[in-house]
Asker: 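First the structure, then my questions, so here it is.
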Amino acid sequence: MIDLIFPDGSKRSYEAGATGRTVAASISPSLEKRALLAKLDGQLFDLDRPLPRGGAIQIVTRDAPEALEVIRHDTAHVLAEAVQELFPGTQVTIGPNVEDGFYYDFARDEPFSLDDLPVIEKRMREIVARDEKITREEWDRDAAIKHFRDIGEAYKAEIIEGIPAGEPITVYRQGEWKDLCRGPHLPSTRHVGQGFKLTKLAGAYWRGDHRNAQLQRIYGTAWASEADLEAHLKRIEEAERRDHRKLGAAMDLFHIQEEGKGMVFWHPKGWTLYRTLVDYMRRREAEAGYLEVKTPQILDRSLWERSGHWEKFHSDMFVCETDEGETLAVKPMNCPGHIQLFNHGQRSYRELPLRFAEFEGLHRYEGSGGLHGLLRVRGLAQDDGHIFCREDQIESETRDFLKLLNRVYADLGVELHSVKLALRPELRAGTDEMWDMTEAMLERAARAVGLEFDILPGEGGFYAPKLEFHLKDAIGRTWQCGTLQLDMVMPERLDATYIGEDGQKHRPVMLHRAIFGSIERFLGVLIEHHAGAFPLWLAPVQAVVATITSDADDYAFAAAAAMRKAGLRVETDLRNEKVGYKVREHSLAKVPVIAVVGKREAEEGKVALRRLGSAAQQIVSLDEAVRTLVEEATPPDLRPAPTPSPAA
RNA sequence: GCCGCCUUAGCUCAGCCGGUAGAGCGGCGCAUUCGUAAUGCGUAGGUCGGGUGUUCGAGUCACCCAGGCGGCACCA
């Protein structure tokens with residue numbers, strides 16, 4: 001007998017061998033009908049699998065989040081079955097869930113084409129209609145390896161070899177088809193439902209390693225109902241409208257062309273936005289004790305050899321040769337340059353922490369397939385900074401940096417998606433002892449300030465472990481923006497020293513840090529985040545003064561001049577068009593304020609303000625309009641501090 | 001760099017089974033002076049990403065190259 005405790009706290013005993021289904025049936029026939037899985041002490045079980053022990057039981061139905069995960073995974077299995085029916089000889093590999101769906105990787109000599117997807121999808125719907133029963137079997141390890149080898153499934157055999165001894169080898173049978181899988185699964189294919197769609201086709205390396213064979217990946221999305229699927233597809237469609245590449249063109253911000261792939265041509269409006277953002281950061285950093293510097297774009301190979309870039313980062317660098325036989329490299333990072341500044345003259349412990357900031361351009365030779373609008377470019381600039389300090393200053397510097405980062409993200413209205421701690425990569429400079437130390441110190445500092453993060457082994461920079469601050473784009477992909485890296489390697493390689501209190505030479509620790517990361521990338525995220533509708537202080541064109549009739553032209557000119565004099569970025573629209581037309585055009589261009597002036601306003605010295613996204617008009621005197629707009633257009637760091645509330 | 005797809009006027013897109021390119025928007029001109037998301041009429045724009053080939057004939061078929069898009073790898 002086993003004892004089960006239900007979510008409502010009640011307890012019942014069942015005979016050994018009871019399954020989720022028998023438990024559900026014992027409660028009500030309708031629950032049995034809706035039951036998909038059993039959850040015992042938090043672990044999901046196939047509905048027809050005997051429960052191995054007593055515990056807290058829950059019958060999982062279609063509307064539960066756990067059910068959706070299993071539905072997605074089973075859809076991947078149905079996909080694999082359909083593919084193997086339609087394309088004999090195709091090997092299956094793995095098919096995990098991803099956000100909103102799943103994929104399955106196949107090994108097949110012939111490439112799949114996009115035209116195959118509807119055909120595969122049709123067969124999948126047939127398999128669902130066949131209502132194939134899904135059953136679990138435990139196999140003997142050697143027999144399983146032999147079986148999968150015999151039927152030509154080399155990848156599956158390889159997976160089994162990697163399963164630790166002692167773990168059961170489970171095979172799920174689904175009609176005539178079977179697959180190695182940990183499970184759990186739905187009772188039968190009917191429960192997959194019709195709320196799925198195959199979405200894209202891609203190449204992907206076996207086990208994520210480019211030295212391995214490239215497999216063919218089919219992505220799909222799956223939902224508990226067709227309505228949920230429709231809603232999801234609609235969300236994607238809406239998100240695509242926020243794409244910074246489309247908005248960048250519509251708002252005349254920038255473009256990229258063939259002759260400079262990954263290199264941005266910033267248009268006047270885009271550059272205004274860029275400068276506004278960087279000016280803001282300059283003030284924030286100055287306030288936080290950073291000293292802005294500028295170091296050379298191109299430096300001799302010998303420096304890059306000493307820093308380690310030549311050896312570890314060479315394939316990412318643009319290199320040039322002079323007629324005199326020198327080899328130079330365009331800087332991909334500012335750190336070696338900043339160490340040259342640190343090393344110029346003798347440094348005292350009294351100067352530490354010394355914080356350098358730089359906004360100059362960098363160039364990195366990114367693989368052609370990875371370029372992506374502003375989010376992944378070859379020519380970029382960072383809000384780069386390097387802090388030289390003593391070990392005992394690491395924690396307070398980390399704390400101050402995180403405070404600044406949070407302040408900036410809050411001012412700009414972006415939301416931190418996640419934080420990762422990336423540890424030593426395979427290809428690295430420095431000794432293991434150094435890595436042991438820097439990893440431990442960075443993690444300790446991060447924990448000391450209460451940061452929550454995931455650990456990414458093998459993903460650190462070649463010279464230092466790093467904290468990565470990730471932001472999300474319109475369609476949910478995450479991008480590393482801010483970073484904090486704790487480096488003992490570079491100061492040693494480039495021999496940075498300071499004179500300590502004891503009169504001896506000491507090695508400083510170097511913190512590499514950025515809040516935007518790449519300014520280009522950050523702007524891309526920012527454009528998508530605001531869907532182009534920037535707060536007034538960031539908007540490249542803050543207001544357009546638009547006339548109703550040409551009688552108001554002179555007044556419109558004067559009004560615009562008054563606004564410009566007050567520091568606002570203003571354009572005039574005196575074209576011979578109807579106001580409705582002008583309002584529409586500037587609204588589509590995401591101009592935050594349209595100041596409409598007609599005969600009435602001209603006579604009375606007023607303007608009719610219309611805010612983006614609202615049809616309401618606010619008729620105020622020109623003076624008042626200038627005053628309110630100037631106040632609203634003040635960058636967050638220049639706003640008067642809120643009056644402190646009286647001490648409680 | 002790898003896999004799949006795409007590449008036609010400034011922009012968005014039509015162009016069936018190969019017979020020497022169309023629309024809307026935008027631009028320009030004229031008329032209209034019209035109160036808050038598209039005023040009317042007229043007009044000029046392309047040789048169909050680049051190249052090679054098949055063919056009497058290619059935007060339309062084949063191959064190669066480039067760029068872009070979605071992934072993978074790499075990475076801010």
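Reminder, nothing fancy here: chain letters follow the sequence lines and each chain counts from 1.
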Asker: Considering only heavy atoms and no angle criterion, is a donor-acceptor pair shorter than 3.5 Å present between the side chain of A:Arg376 and the base of B:C74?
Answerer: yes
Asker: I want to confirm an ordering. Mapping A:Glu577 and A:Pro111 to their closest nucleotides on RNA chain B, which one lands closer to the 5' end?
Answerer: A:Pro111
Asker: With the side chain counted from C-beta on, respond yes when A:Lys197 and A:Glu121 share a heavy-atom pair under 4.5 Å apart, and no when they do not.
Answerer: yes
Asker: Which value, in whole Å, describes the distance between the C1' atoms of nucleotides B:G18 and B:U55?
Answerer: 9 Å
Asker: Quick one: is B:C34 close enough that its OP1 or OP2 comes under 4.0 Å of any side-chain N or O from A:Lys582?
Answerer: no
Asker: For B:C69 and A:Arg245 - does any side-chain N or O of the residue sit under 4.0 Å from the phosphate oxygens OP1/OP2?
Answerer: yes
Asker: Measure up the A:Phe462 and A:Phe313 rings against each other and bin them: parallel (under 30°), tilted (30 to 60°), perpendicular (over 60°).
Answerer: tilted
Asker: NA contact type, A:Tyr205, heavy-atom cut-off 4.0 Å: base, sugar-phosphate, or nothing?
Answerer: base
Asker: Work out how far the P atom of B:G67 is from that of B:G24, and round it to whole angstrom.
Answerer: 35 Å
Asker: Is the shortest side-chain heavy-atom distance between A:Tyr365 and A:Met317 below 4.5 Å?
Answerer: no
Asker: Would the A:His338 and A:Phe388 ring centres measure less than 6.0 Å apart?
Answerer: no
Asker: Compare the minimum distances between each of B:G35, B:C75, B:C69 and the side chain of A:Val579, then state the nucleotide with the smallest one.
Answerer: B:G35
Asker: Do we see a donor-acceptor contact under 3.5 Å between the side chains of A:His417 and A:Glu415?
Answerer: no
Asker: Check whether NZ of the Lys or CZ of the Arg A:Arg493 lies under 6.0 Å from the centre of the six-membered ring of A:Trp304 and within 45 degrees of that ring's axis.
Answerer: no
Asker: Hunt down the Watson-Crick or G-U wobble partner of B:C34, both distances under 3.5 Å, from any strand shown, or write none.
Answerer: none
Asker: Take atom C1' in B:G50 and the same atom in B:G59, then report the distance between them in whole Å.
Answerer: 14 Å
Asker: B:G1 phosphate, OP1 or OP2: any side-chain N/O from A:Ser368 under 4.0 angstrom?
Answerer: yes
Asker: What is the nucleic acid contact for A:Lys578, judged by heavy atoms within less than 4.0 Å: base, sugar-phosphate only, or nothing?
Answerer: base
Asker: Among B:G26, B:G70, B:A76, which is the nearest nucleotide to the side chain of A:Tyr581?
Answerer: B:G26
Asker: So which nucleotide from B:G4, B:G71, B:A76 ends up closest to the side chain of A:Leu201?
Answerer: B:G4
Asker: Once you apply a heavy-atom cut-off of 4.0 Å, does A:Gly370 come out as touching a base, just sugar-phosphate, or nothing?
Answerer: base
Asker: Quick one: A:Asp105 CG to B:C3 P, roughly how many Å, whole number?
Answerer: 16 Å
Asker: Let me know which of A:Arg521, A:Arg376, A:Arg378, A:Lys261 forms a salt bridge (charged side-chain N to carboxylate O under 4.0 Å, His left out) with A:Glu366.
Answerer: A:Arg376
Asker: Between B:G57 and B:G19, how many Å separate the two P atoms, rounded to a whole number?
Answerer: 14 Å
Asker: Output the single nucleotide from B:G4, B:A76, B:G35 whose closest atom is nearest the side chain of A:Leu114.
Answerer: B:G4
Asker: Return the nearest nucleotide to the side chain of A:Ser113; candidates are B:C5, B:A38, B:A76.
Answerer: B:C5
Asker: Please state the P separation for the pair B:G29 and B:C72 - nearest whole angstrom.
Answerer: 50 Å
Asker: Of A:Gly367 and A:Tyr219, whose closest RNA chain B nucleotide lies nearer the 5' terminus?
Answerer: A:Gly367
Asker: From C-beta outward on A:Thr549, which listed nucleotide comes closest to its side chain: B:C72, B:U33, B:G70?
Answerer: B:U33
Asker: Side chain of A:Lys261: nearest nucleotide among B:G68, B:G71, B:U33?
Answerer: B:G68
Asker: Under 4.0 Å, counting only non-hydrogen atoms across every strand here, what does A:Gly203 touch: a base, just sugar-phosphate, or nothing?
Answerer: base
Asker: Between B:G70 and A:Arg477, is there an OP1 or OP2 to side-chain N/O distance shorter than 4.0 Å?
Answerer: yes
Asker: Among A:Phe102, A:Tyr103, A:Tyr104, whose ring-ring contact (aromatic ring centres under 6.0 Å, His included) with A:Tyr219 holds?
Answerer: A:Tyr103
Asker: What's the closest nucleotide to the side chain of A:Glu258 if the choices are B:G1, B:A76, B:G67?
Answerer: B:G67
Asker: Under 3.5 Å, is there an N or O donor on one side and an acceptor on the other linking the side chain of A:Glu585 and the base of B:G26?
Answerer: no
Asker: Any side-chain N or O of A:Arg108 below 4.0 angstrom from OP1/OP2 of B:G4?
Answerer: no
Asker: Using the C1' atom on both, measure B:C25 against B:U43 and round to a whole Å.
Answerer: 16 Å
Asker: Starting the side chain at C-beta, find the nucleotide from B:G70, B:G35, B:G27 nearest to A:Glu601.
Answerer: B:G35
Asker: Look at the side chain of A:Ala204 and decide which nucleotide, out of B:G1, B:C72, B:U33, has an atom nearest to it.
Answerer: B:C72
Asker: If you look at every strand shown and take non-hydrogen atoms under 4.0 Å, does A:Phe516 touch a base, only sugar-phosphate, or nothing?
Answerer: nothing
Asker: Taking any heavy-atom pair under 4.0 Å as a contact, classify A:Gly208: base, sugar-phosphate, or nothing.
Answerer: sugar-phosphate
Asker: Pick the P atom in B:G4 and in B:C63, then give their distance to the nearest Å.
Answerer: 12 Å
Asker: Using only side-chain N and O atoms of A:His372, determine if any of them is under 4.0 Å from OP1 or OP2 of B:G70.
Answerer: yes
Asker: Say we look at B:C28 and B:A9: how far apart would their C1' atoms be, to the nearest angstrom?
Answerer: 15 Å
